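If you're wondering where the values come from, they're calculated on a predicted model, not measured in any experiment. Throughout, numbering of the chain's residues begins at 1 and tracks the sequence.
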Amino acid sequence: SHTKTAPLPTYDEVLVCTPNTEEEEVELIVRRALSSDSQNQKIYCLLGAEKLVYKVSKQLESYFFRLLQSSTVPDYRFIIFCNAKTHNSYVITAFDTYKVTMPCYSKTEIQAYLNTHLKVPCGTAPVAQAFEEPYQQNVKFIFSNQAGMGR
C-alpha cells in the first residue's frame, strides 16, 4: 500500500534493468527476495524488466520458478515492473499470471513524496549538503563514459 511515510528503497532492493543487465545481477536480486534473510521487510524490485535481453529474461524465469519451489519463505516480496506498452517482451509473457496494473500517481504526488525523503537536516550528512543549501533536494546525478571519472 502507498503511504507518504514509507521509506525509499535501499540500494540492494532495486535492480534497474537495461539491455546490458547480466544474468548474475538478476539471479542475485531473486536470491535476496526468496532467501530466508528476506524477512527484513524489504521489497525487492526489477525496474524496466522488459529491457532485459532474451537470454537474461529466460534465466530470470527459470531461476525464479526453480528457487520458488525450494523456498521456505511464504511471504516474499518481489516486484517486476514492466512498461505495459512494450510488445514482444519475454518477461511480460513469462510472468503474465502475476500481472497487476499499478495505480498512476500524479507528478505532483511523486515530487512531494521525493521531497519529503530526499532532504537532510542542517548539521548532518555533510556530503549530502555539498551541492545545496540546507533543506534543498540533495541528490545529483553525475554521468561519465569512463569508469571512475564521474566526479
Exercise. Roughly how far apart are E25 CD and E27 CD, rounded to 0.5 Å?
Worked result: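 Answer rounded to 0.5 Å: 11.0 Å.
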For this session: Give, for atom CG of L28 and atom CD of E22, the distance between the pair rounded to the nearest 0.5 Å.
Result: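 Between L28 CG and E22 CD, I get 12.0 Å after rounding to 0.5 Å.
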Locate the shortest heavy-atom distance separating [X] from [Y]; write the atom from each residue and the value.
| X | Y | answer |
| --- | --- | --- |
| R31 | L67 | CA-CD2, 3.7 Å |
| A49 | C82 | CB-SG, 3.8 Å |
| T10 | K42 | OG1-NZ, 3.6 Å |

Exercise. In the single-linkage hydrophobic clustering (I, L, V, M, F, W, Y; side-chain heavy atoms under 4.5 Å), do F65 and Y63 co-cluster?
Worked result: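 Cluster IDs for F65 and Y63 match.
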For this session: Give the cluster check for I79 versus V14: same hydrophobic cluster or not, with ILVMFWY residues linked at side-chain heavy-atom distances below 4.5 Å.
Result: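 Cluster IDs for I79 and V14 match.
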Problem set entry | Audit row: I29, F78, side chain to side chain contact (heavy atoms under 4.5 Å, CB included) steps and yes/no | CA-CA 9 Å; I29 198 162; F78 184 59; 4.2 Å; yes
Problem set entry | Residue pair Y76, L68: steps toward the side chain to side chain contact (heavy atoms under 4.5 Å, CB included) verdict | CA-CA 10 Å; Y76 66 90; L68 188 61; 3.4 Å; yes
Exercise. Does R32 reach the main-chain N or O of Y44 with its side chain, forming a donor-acceptor pair under 3.5 Å?
Worked result: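 Checked: no pair found.
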Exercise. Going through the checks in order, is the side chain to side chain contact (heavy atoms under 4.5 Å, CB included) test met by F64 and L34?
Worked result: CA-CA 9 Å; F64 174 80; L34 295 178; 4.1 Å; yes
Problem set entry | Summary of salt bridge (charged side-chain N to carboxylate O under 4.0 Å, His left out) pairs that have at least one residue in residues 53-70, sequence neighbours excluded |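 Residue pairs passing salt bridge (charged side-chain N to carboxylate O under 4.0 Å, His left out), neighbours aside: E23-K55.
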In residues 91-102, what donor-acceptor pairs under 3.5 Å come from side-chain atoms, sequence neighbours left out?
| unit_1 | atom_1 | unit_2 | atom_2 | d |
| --- | --- | --- | --- | --- |
| T93 | OG1 | S89 | O | 3.2 |
| D96 | OD1 | K99 | NZ | 3.3 |

Exercise. Do you know which of V30, T21, L47, L52 makes side chain to side chain contact (heavy atoms under 4.5 Å, CB included) with L15?
Worked result: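 For L15, the side chain to side chain contact (heavy atoms under 4.5 Å, CB included) test succeeds with only one of V30, T21, L47, L52, which is T21.
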